[in-house]
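I have placed the structure first, in the form of structure tokens, so that the comments after it can refer back to it.
Remember, it's a predicted structure, so these values are computed and weren't measured experimentally.
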Amino acid sequence: MEQTRKSTVIITGASSGVGLQAAKALADRGNWHVIMACRDLVKAEKAAQSVGMPQNSYTLMHIDLGSLDSTRQFVNNFRATGRTLEALVCNAAIYMPLIKQPLRSPEGYELTVTTNHLSHFLLCNLMLEDLQKSPATDKRLVILGTVTHNPDELGGKIPPRPDLGNFEGFAAGFQDPISMIDGKKFEPVKAYKDSKVCNVLTMRELHRRYHESTGIIFSSLYPGCVATTALFRNHYPLFQKLFPIFQQKITGGFVSEELSGQRVAMVVADPEYKQSGIYWSWGNRQKKDRESFVQRVSPQARDNEKGELMWKYSAQLVGLPELARV
């Protein structure tokens with residue numbers, strides 16, 4: 001009875017930060033069942049309990065986005081539940097600014113780009129089938145963005161700036177010694193920013209290719225600067241201490257994890273966000289009651305030729321060669 005009464009949403013990286021608070025916000029609405037797709041299920045269970053999510057409002061399912069095989073296995077495991085799917089939220093991300101040498105996925109790909117982009121690209125394309133099968137009239141796929149993807153914005157001007165080049169690294173197979181999308185020298189902060197540009201390109205390409213034929217709403221959002229999340233756990237301890245203060249007192253960009261999660265839930269569920277191909281933002285200088293607005297994405301993220309190259313090479317790298325020809 002519950003499965004037919006409630007809509008189902010999958011949220012990746014739902015064991016902390018924005019993902020956890022989005023899971024809670026949707027569960028609290030009463031008409032959503034949340035699939036918390038996480039790498040550490042023990043941590044995820046403790047997190048769900050810590051924010052008071054009712055036991056019957058969520059299901060924990062394992063996914064390690066650092067592995068394409070794990071991503072595929074997650075899809076199989078979800079389908080085995082028999083649930084319909086009404087929304088997918090690609091939220092999980094890693095950021096490792098201090099490492100000197102690239103880490104690799106089991107496939108040999110640089111880990112930041114694998115986790116943040118390639119596995120989500122694979123997940124989105126595999127789960128399109130599940131979204132289409134749902135009898136619901138309102139189905140959405142949401143990919144989290146960041147201000148740092150956009151050099152036109154204050155938060156994106158800090159070097160290194162994202163630059164996908166012409167996807168030379170992807171075209172060459174993206175394996176050792178290649179570790180960057182543009183094929184250049186490894187730079188961990190740039191790897192993160194590049195991956196987030198790819199997230200926005202993925203949303204825009206999904207919209208361009210599939211919105212009209214499927215009716216699925218594809219969108220992204222920047223909920224504001226969530227300076228306290230575990231995304232920064234691999235940064236210097238002093239940075240972790242001072243960054244939230246800087247965002248609160250100096251830039252005015254700070255937003256709480258709870259509020260950011262509520263904003264994600266709004267984009268997933270509220271009728272005013274039923275627009276496809278949109279990048280929603282609450283800006284980087286907040287007031288508590290600030291309204292959302294449609295923000296222009298970065299020059300690279302709105303470059304349709306780059307979108308087509310991203311699609312072609314990503315499809316090849318994740319093992320979906322048939323998509324590369326679409």
Side-chain angles (χ1 to χ4, degrees), residues 7-15 18-19 22-23 26 33-41 44 59-81 83-94 105-107 109-134 139-145 170 174 195-207 209-211 214 216-221 264 267-268 307 310-324 326:
S7 297
T8 299
V9 56
I10 293 170
I11 303 177
T12 65
S15 63
V18 178
L26 286 165
H33 186 89
V34 183
I35 305 294
M36 299 175 69
C38 304
R39 185 172 51 184
D40 185 337
L41 298 188
T59 299
L60 306 176
M61 293 189 67
H62 179 264
I63 190 170
D64 180 355
L65 291 160
S67 162
L68 297 178
D69 280 348
S70 177
T71 302
R72 289 180 181 276
Q73 187 60 52
F74 169 84
V75 174
N76 292 335
N77 291 343
F78 172 77
R79 289 173 178 167
T81 69
R83 288 185 176 274
T84 61
L85 181 66
E86 285 67 48
L88 169 62
V89 179
C90 297
N91 160 76
I94 60 170
S105 74
E107 297 80 19
Y109 304 149
E110 191 276 323
L111 193 61
T112 299
V113 171
T114 302
T115 302
N116 300 355
H117 165 58
L118 288 174
S119 282
H120 277 134
F121 178 88
L122 176 62
L123 185 66
C124 290
N125 278 287
L126 292 179
M127 304 227 76
L128 276 179
E129 178 184 333
D130 301 84
L131 287 165
Q132 288 181 74
K133 283 181 178 177
S134 167
K139 296 171 283 193
R140 305 189 195 184
L141 194 159
V142 180
I143 304 178
L144 268 286
F170 274 10
F174 202 49
S195 74
K196 298 308 289 182
V197 177
C198 285
N199 284 162
V200 182
L201 283 171
T202 298
M203 179 275 289
R204 288 170 55 83
E205 282 296 300
L206 285 165
H207 164 74
R209 293 163 185 265
Y210 299 121
H211 169 64
T214 67
I216 297 168
I217 305 299
F218 302 99
S219 62
S220 293
L221 76 150
V264 173
V267 174
V268 169
M310 177 281 300
W311 190 270
K312 171 185 173 182
Y313 291 126
S314 297
Q316 291 172 352
L317 290 173
V318 303
L320 296 174
E322 66 279 8
L323 284 183
V326 176

Legend entry - Minimal non-hydrogen separation, Gly66 against Ser105, with atom names: O-CB, 3.1 Å
Inset, instruction - First locate atom CG of Leu41, then atom CD1 of Ile63, and finally report the distance between them rounded to the nearest 0.5 Å. - result: 11.0 Å
Legend entry - CG on Asn77 to OG1 on Thr59, rounded to 0.5 Å: 12.5 Å
Legend entry - Any side-chain donor near an acceptor of the partner, Ser70 and Asp64, under 3.5 Å: no
Inset, instruction - Over 60° means perpendicular and under 30° means parallel, so classify the ring planes of Phe174 and Phe170, tilted if in between. - result: perpendicular
Legend entry - Which atom of Arg72 lies closest to which atom of Leu320, heavy atoms considered: NH2-CD2, 4.1 Å
Inset, instruction - State whether the side chain of Lys139 and the backbone N or O of Ala87 hold a donor-acceptor pair below 3.5 Å, judged by distance alone. - result: no
Legend entry - Point-to-point distance, once rounded to the nearest 0.5 Å, from CD1 of Ile35 to CG of Leu85: 8.5 Å
Inset, instruction - Drop me the distance from Gln316's CD to Leu323's CG, to the nearest 0.5 angstrom. - result: 10.5 Å
Inset, instruction - Provide the closest heavy-atom pair for Phe74 versus Met127 in the form atom of the first, atom of the second, distance. - result: CE2-SD, 4.2 Å
Legend entry - Short side-chain donor-acceptor distance under 3.5 Å, His117 and Ser314: yes
Inset, instruction - Could you tell me whether Glu205 and Lys312 have a side-chain N and a carboxylate O separated by less than 4.0 Å? - result: no
Legend entry - Heavy-atom donor-acceptor pair, Tyr109 side chain to Leu317 backbone, under 3.5 Å: yes
Inset, instruction - Identify the two heavy atoms, one from Met36 and one from Ala44, that lie closest to each other, and give their separation to 0.1 Å. - result: CE-O, 4.0 Å
Inset, instruction - List the steps and the verdict of side chain to side chain contact (heavy atoms under 4.5 Å, CB included) for Arg140 and Ile216. - result: CA-CA 6 Å; Arg140 305 189 195 184; Ile216 297 168; 5.8 Å; no
Inset, instruction - Could you tell me whether the side chain of Thr114 and the main chain of Leu118 form a donor-acceptor pair under 3.5 Å? - result: no
Inset, instruction - Without swapping roles, check the side chain of Thr81 against the backbone of Phe78 for a donor-acceptor pair under 3.5 Å. - result: yes
Inset, instruction - Would you kindly say whether Thr112 and Glu110 are connected by a side-chain donor-acceptor distance under 3.5 Å? - result: yes
Inset, instruction - For Ser195 and Val113, indicate whether the former's side chain and the latter's backbone hold a donor-acceptor pair under 3.5 Å. - result: no
Legend entry - Any donor-acceptor pair under 3.5 Å from Asn199 side chain to Gly145 backbone: no
Legend entry - Any side-chain heavy-atom pair of Leu111 and Ile94 under 4.5 Å: yes
Legend entry - Exercise: do Arg39 and His62 side chains pair donor with acceptor under 3.5 Å: no
Legend entry - Test log, rule side chain to side chain contact (heavy atoms under 4.5 Å, CB included), inputs Met203 and Cys90: CA-CA 10 Å; Met203 179 275 289; Cys90 297; over 6 Å; no
Inset, instruction - Answer with yes or no whether the side chains of Thr84 and Glu86 bring together a donor and an acceptor at under 3.5 Å. - result: yes
Inset, instruction - Could you tell me whether a side-chain N or O of His120 sits under 3.5 Å from a main-chain N or O of Asn116, the two making a donor and an acceptor? - result: yes
Inset, instruction - Evaluate the side-chain proximity of Leu88 to Val142: yes if any heavy-atom separation is below 4.5 Å, no if none is. - result: no
Legend entry - Name of the residue among Leu123, Val89, Leu144 meeting side chain to side chain contact (heavy atoms under 4.5 Å, CB included) with Thr12: Leu123
Inset, instruction - Please examine the side chains of Phe121 and Thr71, heavy atoms only from C-beta on, and report whether any two atoms are closer than 4.5 Å. - result: no
Legend entry - Pairwise distance CD(Glu129) to CD(Gln132) - rounded to 0.5 angstrom: 8.0 Å
Legend entry - Nearest non-hydrogen partners of Ile11 and Ala22, listed with the distance: CD1-C, 4.0 Å
Legend entry - Shortest non-hydrogen contact between Ala14 and Cys38, atoms and distance: N-SG, 3.5 Å
Legend entry - Between CD1 on residue Ile10 and CG on residue Asn91, distance to nearest 0.5 Å: 13.5 Å
Inset, instruction - Kindly say whether Ile143 contributes a backbone atom to a donor-acceptor pair with the side chain of Ser220 at under 3.5 angstrom? - result: yes
Legend entry - Distance-only polar pair, side chains of Asp69 and Gln73, donor-acceptor under 3.5 Å: no
Inset, instruction - Start with the C-alpha gap between Tyr210 and Asn125, add the side-chain angles, then the distance that decides, and say whether side chain to side chain contact (heavy atoms under 4.5 Å, CB included) holds. - result: CA-CA 10 Å; Tyr210 299 121; Asn125 278 287; 4.2 Å; yes
